[in-house]
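Just below is one structure, and these are the notes that go with it.
What you are looking at is a predicted structure, and each value in this text was computed from that prediction instead of being measured.
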Amino acid sequence: MTVFRGYLQIIKKNMGMIVMYLCIFLSVCMVIQRSLGSAGISGGFSSVKVNVGIVDRDGGILARTLTDYLDREQNLVEIEDQEETIQEELFYRNVSYVLVIPEGIEEACRAGKAAVQAIKVPDSYDGYYLDACVNNLLNQVRTYLAGGFTMEEACRSALELGEKKGTVTLLDLNGHEGVRTDYNYYFAYLPYGLLGSMIMSMSVVIMEFKKRSVSQRMRCSAVPFLWQQVSAIGAFFLVGIFTWGIYILAQACLYAGGMFQDANTLYYILNSMSCMLVAMALAYVSGMLAHTPASLNGLNNVLSLGLCFLGGVFVPIEMLGDGMEKISRFTPTYWYSKINGILGNYGELGRELKGEIFQGLLIQVLFAAACIAVTMAVKKAFERKNPQR
């Protein structure tokens, strides 16, 4: 218990830094998750409005129809009819698309010629999308004109046609009404928060015990080497539970209960705790390898960002290719992300899916145990080889 209390005293001494890093990484996770929600990703499919500027040099019925249509479907931004102003607005991305309506647009439309001019960000998705929207409306007007409608009737009918929306019903194949829940996206980025906060905070404690004076006193003590390491792991586990509890409490507050209202609450808890054990083990390894705060910071960036990238936390594994997926299977974050994906895609789990979940949990726990065991063995061998260090 003496060694355990020693670890707790150092942890208490560094509690301010632990809380600071915890708040930093928790804020980053929340910002990333919130950005997904604002983009319409976490709530399923939703259309995104683009900032569009219109330069109307005609003022006729067709020009007003185009303006009304874009105002209804996009975000209309007022812009001056000056080349420098248009270029500046596009450069600073105040607008992504500028539609120039020339004089005589109605005659050009009747003749089937290019009726408008588009100024847009080169090779942008927004530009291609808005080109399609504008051309679609003009083609509808041409179709009505060919059917004998007047220009005013054709424009009114084309606008009314665009207001008709199809009814889409998402099949509840996964128990979540066809979409992934918001808190599932929160848990998707949880490894980044756990790895970063625990490595940067807990490794400092190990570095304190690595100091020459403290290390020599530890070797001379009556406490066995194994018990010293068990005490360190126990202190780490206590802080890990505290950190994990804050993240869980945060998602419960953000999402009105979060995972606690899900049928698979137990699996969310087991998966996040397995990730916590991995973070704790990597913090233990990092503390043994790093000798200065600068080296610890570099090691933290490599481990937290590298594992999150390879494991499918930042970028879905499917987008990295088959070769990268084979490499990612050796990382614990891959199995964490795989389990979280299953929990997000399926509200009801069959025997096969539960088997995949328990396989991923086991691999994470074994990875954490292997890291701790190897580090303890290397440290013991190094101390035997350099007894006077």
### Query
With a cut-off of 6.0 Å (strictly less than), are more than 12 heavy atoms of other residues, nucleotides or ligands near CD of Glu325?
yes
### Query
Any sub-3.5 Å donor-acceptor pair from Arg57's side-chain atoms to Val100's backbone N or O?
no
### Query
Is a side-chain donor or acceptor of Ser124 paired with a backbone partner of Val121 at a separation under 3.5 angstrom?
yes
### Message
For Tyr336, is there any backbone N or O sitting under 3.5 Å from a side-chain donor or acceptor partner on Asn340?
### Response
no
#### Entry: Where Ser197 and Leu194 come nearest, the two heavy atoms and their spacing
OG-O, 3.4 Å
### Query
Any idea which heavy atoms bring Gly311 and Ser337 closest together, and the distance?
O-OG, 3.0 Å
### Query
So if you build clusters from Ile, Leu, Val, Met, Phe, Trp, Tyr with side-chain heavy-atom gaps below 4.5 Å, do Val315 and Met324 land together?
yes
### Query
Is there a side-chain contact between Ile54 and Val98 (heavy atoms, below 4.5 Å)?
no
### Message
Using a 3.5 Å distance criterion without hydrogens, assess whether the side chain of Glu106 forms a donor-acceptor pair with backbone atoms of Ile61.
### Response
yes
### Message
Against Met273, only a single residue in Leu270, Leu277, Ile269 fulfils side-chain contact (heavy atoms from CB on, under 4.5 Å); can you say which?
### Response
Ile269
### Closest heavy-atom pair and its distance - Asn139, Arg142
OD1-NH1, 3.0 Å
### Message
With a 3.5 Å distance limit and no angle check, can you tell me whether Gln87 reaches the backbone of Glu84 through a side-chain donor-acceptor pair?
### Response
no
### Message
Pair Leu190, Ser272 - check side chain to side chain contact (heavy atoms under 4.5 Å, CB included), show working.
### Response
CA-CA 8 Å; Leu190 183 62; Ser272 56; 3.7 Å; yes
#### Entry: same_hphob_cluster(Leu130, Tyr125) at 4.5 Å side-chain heavy-atom cutoff
no
### Message
Once rounded to the nearest 0.5 Å, what's the spacing between atom CE of Met200 and atom CG of Leu195?
### Response
13.0 Å
### Task
Could you tell me if the ring centre of Tyr129 sits under 6.0 Å from that of Tyr97?
no
### Query
Taking all atoms of both residues into account, what is the closest heavy-atom pair of Gly258 and Tyr183, and its distance?
O-CE2, 3.5 Å
### Task
Kindly compute the distance separating CG (Leu299) from OG (Ser304), expressed to the nearest 0.5 Å.
9.0 Å
### Query
Just checking, Lys120 and Tyr128: is the charged tip under 6.0 Å from the six-membered ring centre and within 45° of the axis?
yes
### Message
Do Asn300 and Ser286 have side chains that approach each other closer than 4.5 Å (heavy atoms only, starting at C-beta)?
### Response
no
### Query
Sub-3.5 Å donor-acceptor pair from the side chain of Arg329 to the main-chain atoms of Tyr334, do we have one?
no
### Task
Would you indicate whether the side-chain heavy atoms of Ile101 and Val55 approach each other to under 4.5 Å?
no
### Task
Report yes if some heavy atom in the side chain of Tyr144 is under 4.5 Å from a heavy atom in the side chain of Leu161; otherwise report no.
yes
### Task
Report the C-alpha distance between Glu89 and Asn51 in whole Å, list the side-chain angles of each, state the deciding distance to 0.1 Å, and finish with yes or no for side-chain hydrogen bond (donor to acceptor under 3.5 Å, both in side chains).
CA-CA 10 Å; Glu89 294 293 325; Asn51 292 334; over 6 Å; no
### Query
Which atom pair, heavy atoms only, marks the closest approach of Pro332 to Val278?
CG-CG1, 3.6 Å
#### Entry: Full working for side chain to side chain contact (heavy atoms under 4.5 Å, CB included) between Phe237 and Met276
CA-CA 9 Å; Phe237 185 77; Met276 182 270 293; 4.1 Å; yes
### Message
Membership question, hydrophobic clusters at under 4.5 Å side-chain separation (ILVMFWY): are Tyr346 and Leu266 in the same one?
### Response
yes
### Message
Return the OG1 to CD distance between Thr65 and Glu152, rounded to the nearest 0.5 Å.
### Response
9.0 Å
### Query
Sub-3.5 Å donor-acceptor pair from the side chain of Ser96 to the main-chain atoms of Asp126, do we have one?
no
## Note on the structure
In this structure, CG of Asn264 is separated from CD1 of Ile357 (nearest 0.5 Å) by 6.5 Å
## Note on the structure
Of Ile339, Leu349, Leu353, the one forming a side-chain contact (heavy atoms from CB on, under 4.5 Å) with Tyr267 is Leu349
#### Entry: Any donor-acceptor N/O pair, Tyr186 side chain to Tyr247 backbone, under 3.5 Å
yes
### Query
Roughly how far, to the nearest 0.5 Å, is the CD atom of Gln364 from the NZ atom of Lys338?
12.0 Å
### Distance (rounded to the nearest 0.5 Å) between Gln74 CD and Leu99 CG
11.5 Å
### Query
Side-chain heavy atoms under 4.5 angstrom apart, residues restricted to Ile, Leu, Val, Met, Phe, Trp, Tyr: same cluster for Trp244 and Leu238?
yes
#### Entry: Gln140 side chain reached by Asn136 side chain, heavy atoms, under 4.5 Å
yes
### Query
Are Ile105 and Leu76 in one and the same hydrophobic cluster, where Ile, Leu, Val, Met, Phe, Trp and Tyr link if side-chain heavy atoms are under 4.5 Å apart?
yes
#### Entry: Expected output: side-chain Ser328 to main-chain Leu310 donor-acceptor under 3.5 Å
yes
### Message
Could you check whether any side-chain heavy atom of Val285 comes within less than 4.5 Å of a side-chain heavy atom of Val374, counting everything from C-beta outward?
### Response
no
### Message
Could you walk me through whether Met259 and Gln251 satisfy the side chain to side chain contact (heavy atoms under 4.5 Å, CB included) test, starting with their C-alpha distance in whole Å, then the side-chain angles of each, then the deciding distance to 0.1 Å, before giving a yes or no?
### Response
CA-CA 8 Å; Met259 70 168 186; Gln251 64 86 32; 3.6 Å; yes
### Query
Should the pair Tyr268 and Phe187 be assigned to parallel (<30°), tilted (30 to 60°) or perpendicular (>60°) ring geometry?
tilted
### Task
Report the C-alpha separation of Ser295 and Thr292 in whole Å, then their side-chain angles, then the decisive distance to 0.1 Å, and conclude whether the side-chain hydrogen bond (donor to acceptor under 3.5 Å, both in side chains) test is met.
CA-CA 5 Å; Ser295 62; Thr292 62; 3.1 Å; yes
### Message
Just so I know, are the side chains of Val95 and Ile86 near enough to count as touching, which here means a heavy-atom distance under 4.5 Å?
### Response
no
### Query
After noting the C-alpha distance and the side-chain angles of Ile79 and Asn94, does the key distance pass the side chain to side chain contact (heavy atoms under 4.5 Å, CB included) rule?
CA-CA 10 Å; Ile79 189 169; Asn94 294 328; over 6 Å; no
### Message
Are there over 12 heavy-atom neighbours, none belonging to Glu103, within less than 6.0 Å of that residue's CD?
### Response
no
### Query
Do Met151 and Arg110 have side chains that get closer than 4.5 Å, going by heavy atoms?
yes
### Message
Closer than 3.5 angstrom, by distance alone: can the side chain of Thr333 be matched with the main-chain N or O of Leu307 as a donor-acceptor pair?
### Response
yes
#### Entry: Residue pair Val313 / Ala188: nearest heavy atoms and the distance that separates them
CG1-O, 3.2 Å
